[in-house]
Amino acid sequence: MKNSFEIYSKLPPKFYRRELLDVAKDLLGKTFVRKINKKTLAGVIVEVEAYDGRTDKAAHSYGGINERNKTMFEQGGVLYVYFIYGIHYCCNVVTGQKGIGSGVLIRGLQPAVGINTMIKNRFGNIEANEKQLRNLTNGPAKITQALNINKMQNGTDLNGNQIFLAENNFSKEFEIISGKRIGIKKSADLLWRFYIKNNPYVSHI
DNA sequence: CCACGGATTGGCT
DNA sequence: GCCAATCCGTGGA
C-alpha cells in the first residue's frame, strides 16, 4: 500500500508562481513532506507568514540580494533556508517570479507521518512526554529541527522528491485568522501572518 | 574593524 | 517575564 502522499500529487510549480498573499493563505492545510534516509516525515501546514522583498522592510530580501538571501530571489517553487540567532534554521517557500524576493515562512506544522523520527530529531529521545509532543513543530525553527532541514537544503527544488508540498486527505473545513507577524520591528503592522483557528500547533496564540 | 541586532527557543525567576 | 546561546550581514568610526 502506497502512502497517501504518493497518491496525492505534489503541488505543481505554478502553485508557487502566484501573488504572495494568495500563496500564503493557500499553503494552510497543505502537507509538507520531507523524505530523508528512505523515511517520510510529513505534517499539515497550520501557520505561515508572508514576506515581500519589494515593499516589506521586514523581509530579508528587502534592500537587495546578498549571499544569505539570494535563494529568495529565485523563481517561486524552491525552499529558502536561513540561519538566525546563531543557532536556528527556518524555512520559507519562495513565491512569484525570479528576481522579486518574496516568500512564505512556515511557522506551524501539525505532525502527520514519521512522528517518532521527529521526536528523535527534536529531543534525542524515543519517547516524548505531553509537553514535548505539544512543542514538536509549533514554531519555525522547531520544524526544521524535527524535519532535519538545514543550510544543505537551502535552494531545494520543491518539484523534486526530497522536500515537496502536497494536497492532504483531511478536511478542508477550517477558518483562517490573519494577524501581525511575530518577532519583527519593521513593517510590523502588516497583517501577513495567517493561521488555522484553534489549531494546537500554531506557535503563538 | 568593531558593535549591534535579528522572521527563535528553552530554561530559569 | 527575562535572558543566554552565538552566527552573519550591516553600518558607523
Side-chain angles (χ1 to χ4, degrees), chain A residues 16 20-21 23-25 27-28 32 43 45-74 76 78-96 100-111 118-125 127-156 158 163 165 176-196 200-205:
Chain A
Y16 305 101
L20 168 65
L21 297 184
V23 178
K25 284 177 270 196
L27 283 171
L28 293 174
F32 190 103
I45 297 171
V46 301
E47 180 188 3
V48 298
E49 285 178 358
Y51 289 88
D52 181 352
R54 298 162 299 183
T55 61
D56 171 13
K57 294 190 174 80
H60 291 166
S61 46
Y62 186 82
I65 195 166
N66 62 36
E67 186 60 28
R68 182 205 205 195
N69 68 22
K70 62 184 182 184
T71 303
M72 271 191 96
F73 291 89
E74 295 293 312
V78 299
L79 197 71
Y80 165 52
V81 183
Y82 67 86
F83 189 55
I84 188 79
Y85 298 120
I87 303 185
H88 302 294
Y89 293 99
C90 301
C91 71
N92 295 243
V93 170
V94 175
T95 68
I100 291 178
S102 64
V104 180
L105 173 70
I106 308 299
R107 289 194 58 95
L109 213 59
Q110 178 164 338
M118 294 186 204
I119 291 169
K120 194 166 176 233
N121 290 342
R122 285 271 292 133
F123 309 114
N125 308 327
E127 299 278 321
N129 60 37
E130 267 189 44
K131 183 182 176 188
Q132 288 176 321
L133 284 176
R134 282 201 309 274
N135 287 294
L136 197 54
T137 49
N138 62 335
K142 298 175 186 178
I143 292 170
T144 58
Q145 189 180 15
L147 300 186
N148 204 335
I149 290 171
N150 57 52
K151 65 183 176 185
M152 300 282 295
Q153 281 70 47
N154 186 28
T156 299
L158 296 175
I163 300 172
L165 305 188
I176 297 176
I177 310 284
S178 63
K180 294 181 182 179
R181 296 172 294 180
I182 306 291
I184 57 165
K185 296 197 172 105
K186 304 170 196 167
S187 299
D189 290 333
L190 295 174
L191 303 178
W192 284 7
R193 173 176 179 243
F194 305 99
Y195 59 93
I196 294 179
Y201 290 92
V202 170
S203 63
H204 295 242
I205 306 302

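The model shown is predicted, which means the values in this text are computed figures rather than measured ones. Sequence lines set the chain letters: A, B, ... in the order given, protein chains first and strands last, and positions in each chain run from 1.
- Pairing of dG10(B), defined by two Watson-Crick or G-U wobble distances under 3.5 Å, is identified with dC3(C).
- Residue Lys142(A) places at least one side-chain N or O closer than 4.0 Å to OP1 or OP2 of dG10(B).
- The nearest whole Å value for the distance from the CG atom in Leu190(A) to the P atom in dA7(B) is 14 Å.
- At whole-Å resolution of the value, CD in Gln145(A) and C1' in dT9(B) are 9 Å apart.
- Taking atom NZ of Lys151(A) as the reference point, atom P of dG9(C) lies 11 Å away to the nearest angstrom.
- For the pair Arg107(A) CZ and dT9(B) C1', the interatomic distance rounds to 11 Å; values are reported in whole Å.
- Using a 4.0 Å heavy-atom distance criterion, Ala58(A) is classed as a base contact.
- Contact annotation for Arg68(A): backbone-only contact, meaning every heavy-atom pair under 4.0 Å involves sugar-phosphate atoms and none involves a base.
- Distances shorter than 4.0 Å separate some side-chain N or O of His60(A) from OP1 or OP2 on dA7(B).
- Using a 4.0 Å heavy-atom criterion, one finds that Arg122(A) contacts the sugar-phosphate atoms exclusively.
- Nearest heavy atom pair, residue Val81(A) against residue Ile149(A), reads CG2-CG2, 3.9 Å.
- Tested against Tyr80(A), the residues Gln153(A), Glu74(A), His60(A) include a single side chain to side chain donor-acceptor pair (under 3.5 Å) partner, His60(A).
- Using a 4.0 Å heavy-atom criterion, one finds that Asn135(A) contacts no nucleic acid atom at all.
- For the pair His204(A) NE2 and dA7(B) C1', the computed distance is 11 Å after rounding to whole Å.
- For Arg181(A) and dG6(B), the CZ to P distance is 14 Å, given to the nearest whole Å.
- Sequence order on DNA chain B of the closest nucleotides to Phe123(A) and Ser61(A) puts Ser61(A) first from the 5' end.
- With hydrogens and angles left out, the side-chain atoms of Lys131(A) and Asn135(A) include no donor and acceptor closer than 3.5 Å.
- Between Trp192(A) atom CH2 and dA7(B) atom P there is a gap of 15 Å when expressed in whole angstrom units.
- Out of dT9(B), dG6(B), dC7(C), the shortest distance to the side chain of Phe83(A) is found at dC7(C).
- By the 5.5 Å and 30° criteria, Tyr51(A) is stacked with the base of dA7(B).
- Taking the side chain of Met72(A) as heavy atoms from C-beta on, and the options dA7(B), dG6(B), dT8(B), the nearest nucleotide is dA7(B).
- Here the side chains of Asn125(A) and Gln132(A) are in contact, with some heavy-atom distance below 4.5 Å.
- Atom-to-atom, OH of Tyr85(A) to C1' of dG9(C) comes out at 14 Å; the value is rounded to the nearest Å.
- With a 4.5 Å cut-off on side-chain heavy atoms, Met118(A) and Asn121(A) do not count as touching.
- Taking every side-chain heavy atom of Ile87(A) into account, dT6(C) is the closest of dA7(B), dT6(C), dT10(C).
- Among the nucleotides dA7(B), dT9(B), dG6(B), the one closest to any side-chain atom of Pro140(A) is dT9(B).
- Residue contacts shown for Ile184(A) are limited to sugar-phosphate atoms, with no base heavy atom under 4.0 Å away.
- Within the 4.5 Å cutoff, the side chain of Lys180(A) has heavy atoms near those of the Asp189(A) side chain.
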